[in-house]
*Asks:* 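Can you keep this structure in mind? I'll have questions shortly.
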Amino acid sequence: MATPRKKAVQPTIAAAKVAIREAIRGIPRGAIATYGEIAARVGLPKYARLVARVLSQSGADDVPWHRVVRAGDRIAFPRNSDGFVRQRARLQSEGHTVSANGQIVAARRASDLDQQLWGNYF
DNA sequence: ACGATGACGCACA
DNA sequence: GTGTGCGCCATCG
């Protein structure tokens, strides 16, 4: 064969990053998703940290980063950080109720919305 | 190669 | 509810 030497499984992680970005981009306005949910969504349940890394690497307007929160529907940033304030403001502008500590009240999660759409819910 | 780090998650005290 | 420990994975010094 022309290429007896195979390349390593490098595309795996690269493809995962793309899939993660697409998943985040798929979060509708007014809804949120956790890091773990996004990871599970792309078939990598244990890659929550990779989701965080992708976000930090992606451009600000590349993906709706503010719709990605930590497990328990709370903002991942420290309270006094600039990111915290900005994310809280954006979430509130999208109709969410965010406590001062970053806890999102009665969050409309993308996963729930998805389940609600696909499941017969009349 | 190795230890430290990070926009994480979960169990437990 | 808070603090600590461990697992998990890619990246960095």
Side-chain angles (χ1 to χ4, degrees):
Chain A
M1 309 303 261
T3 59
R5 183 186 303 176
K6 297 296 284 268
K7 222 51 182 303
V9 273
Q10 192 72 25
T12 302
I13 183 63
K17 290 181 179 178
V18 176
I20 288 170
R21 295 203 338 169
E22 289 300 316
I24 296 174
R25 196 173 299 175
I27 304 173
R29 189 183 185 279
I32 61 171
T34 65
Y35 294 86
E37 255 300 326
I38 295 172
R41 175 110 181 163
V42 299
L44 300 169
K46 300 174 181 178
Y47 281 64
R49 292 195 109 145
L50 183 61
V51 176
R53 181 162 288 282
V54 169
L55 274 178
S56 64
Q57 290 177 352
S58 298
D61 295 320
D62 209 0
V63 293
W65 58 270
H66 58 283
R67 295 176 190 156
V68 184
V69 296
R70 210 167 170 171
D73 298 338
R74 46 202 176 89
I75 296 177
F77 289 108
R79 261 187 88 180
N80 56 346
S81 71
D82 194 37
F84 177 94
V85 176
R86 212 160 40 189
Q87 182 168 16
R88 179 166 183 254
R90 296 187 88 144
L91 287 174
Q92 286 177 146
S93 71
E94 292 194 351
H96 290 287
T97 303
V98 187
S99 306
N101 62 349
Q103 175 68 53
I104 301 175
V105 182
R108 208 170 88 190
R109 295 175 28 200
S111 57
D112 292 343
L113 185 63
D114 195 36
Q115 199 170 16
Q116 196 170 335
L117 288 174
W118 281 91
N120 39 355
Y121 208 93
F122 295 89

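Protein chains get the first letters and strands the later ones, always in sequence-line order, with residue 1 at the start of each.
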*Asks:* Just jot down the side chain to side chain contact (heavy atoms under 4.5 Å, CB included) partners of A:Ser58, sequence neighbours excluded, or say none.
*Replies:* A:Arg21, A:Val54, A:Asp62, A:Val63
*Asks:* Knowing that exactly one of A:Ile20, A:Ile24, A:Leu50 qualifies, which makes a side-chain contact (heavy atoms from CB on, under 4.5 Å) with A:Leu55?
*Replies:*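 Of the listed options, the one satisfying the test is A:Ile24.
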*Asks:* Hey, does A:Gln57 have a side-chain heavy atom less than 4.5 Å from the side chain of A:Lys17?
*Replies:*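 Yes. Closest side-chain heavy atoms under 4.5 Å.
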*Asks:* From the 5' end of DNA chain B to its 3' end, which nucleotides mark the outer limits of contact with chain A, defined by a 4.0 Å heavy-atom distance cut-off (strictly under)?
*Replies:* B:dG6 to B:dC10
*Asks:* Between residues 17-25 of chain A and DNA chain B, which residues have a heavy-atom gap below 4.0 Å?
*Replies:* none
*Asks:* Hey, quick one: are A:Tyr47 and A:Val18 part of the same hydrophobic cluster, counting side-chain heavy atoms closer than 4.5 Å, chains of contacts allowed?
*Replies:* no
*Asks:* Who pairs with A:Asn101 by side chain to side chain contact (heavy atoms under 4.5 Å, CB included), at least two apart in sequence or on another chain?
*Replies:* A:Ser99, A:Gln103
*Asks:* Using the P atom on both, measure C:dC6 against B:dA7 and round to a whole Å.
*Replies:*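 C:dC6 and B:dA7 have their P atoms separated by 22 Å.
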*Asks:* Can you sort out the partners of A:Glu22 under side chain to side chain donor-acceptor pair (under 3.5 Å), two or more places apart, ordered by chain and number?
*Replies:* none
*Asks:* Evaluate the side chain to side chain contact (heavy atoms under 4.5 Å, CB included) criterion for residues A:Gln87 and A:Val69: first the C-alpha distance (whole Å), next the side-chain angles of each, then the deciding distance (0.1 Å), finally the verdict.
*Replies:* CA-CA 9 Å; A:Gln87 182 168 16; A:Val69 296; 3.8 Å; yes
*Asks:* Can you list every pair that meets side-chain hydrogen bond (donor to acceptor under 3.5 Å, both in side chains) and has a residue in residues 63-78 of chain A, with sequence neighbours left out?
*Replies:*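 Passing the test, one end in residues 63-78 of chain A: A:His66-A:Glu94, A:Arg67-A:Glu94.
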*Asks:* Please list residues of residues 46-54 of chain A whose heavy atoms come under 4.0 Å from any atom in DNA chain C, ordered by number; otherwise none.
*Replies:*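 Those residues are A:Lys46, A:Tyr47, A:Arg49, A:Leu50, A:Arg53.
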*Asks:* For residues 26-39 of chain A, please give each side-chain donor-acceptor pair under 3.5 Å, one per line with the distance, not counting sequence neighbours.
*Replies:*
residue, atom, partner, partner atom, Å
A:Arg29, NH2, A:Ser93, O, 3.3
A:Thr34, OG1, A:Glu37, N, 3.1

*Asks:* Within residues 72-84 of chain A, which residues have any heavy atom lying less than 4.0 Å from an atom of DNA chain C?
*Replies:* none
*Asks:* Which residues in residues 89-104 of chain A have a heavy atom closer than 4.0 Å to any atom of DNA chain C?
*Replies:* none
*Asks:* Is the side chain of A:Arg90 donor-acceptor paired with the backbone N or O of A:Pro64 at a distance under 3.5 Å, no angle test?
*Replies:* no
*Asks:* Please, which pairs that meet salt bridge (Lys or Arg N to Asp or Glu O under 4.0 Å) have at least one residue in residues 49-60 of chain A, sequence neighbours excluded?
*Replies:*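 Passing the test, one end in residues 49-60 of chain A: no pairs.
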*Asks:* Collect all protein-nucleotide pairs involving nucleotides 3-6 of chain C in which both atoms are nitrogen or oxygen and the distance is under 3.5 Å.
*Replies:*
none

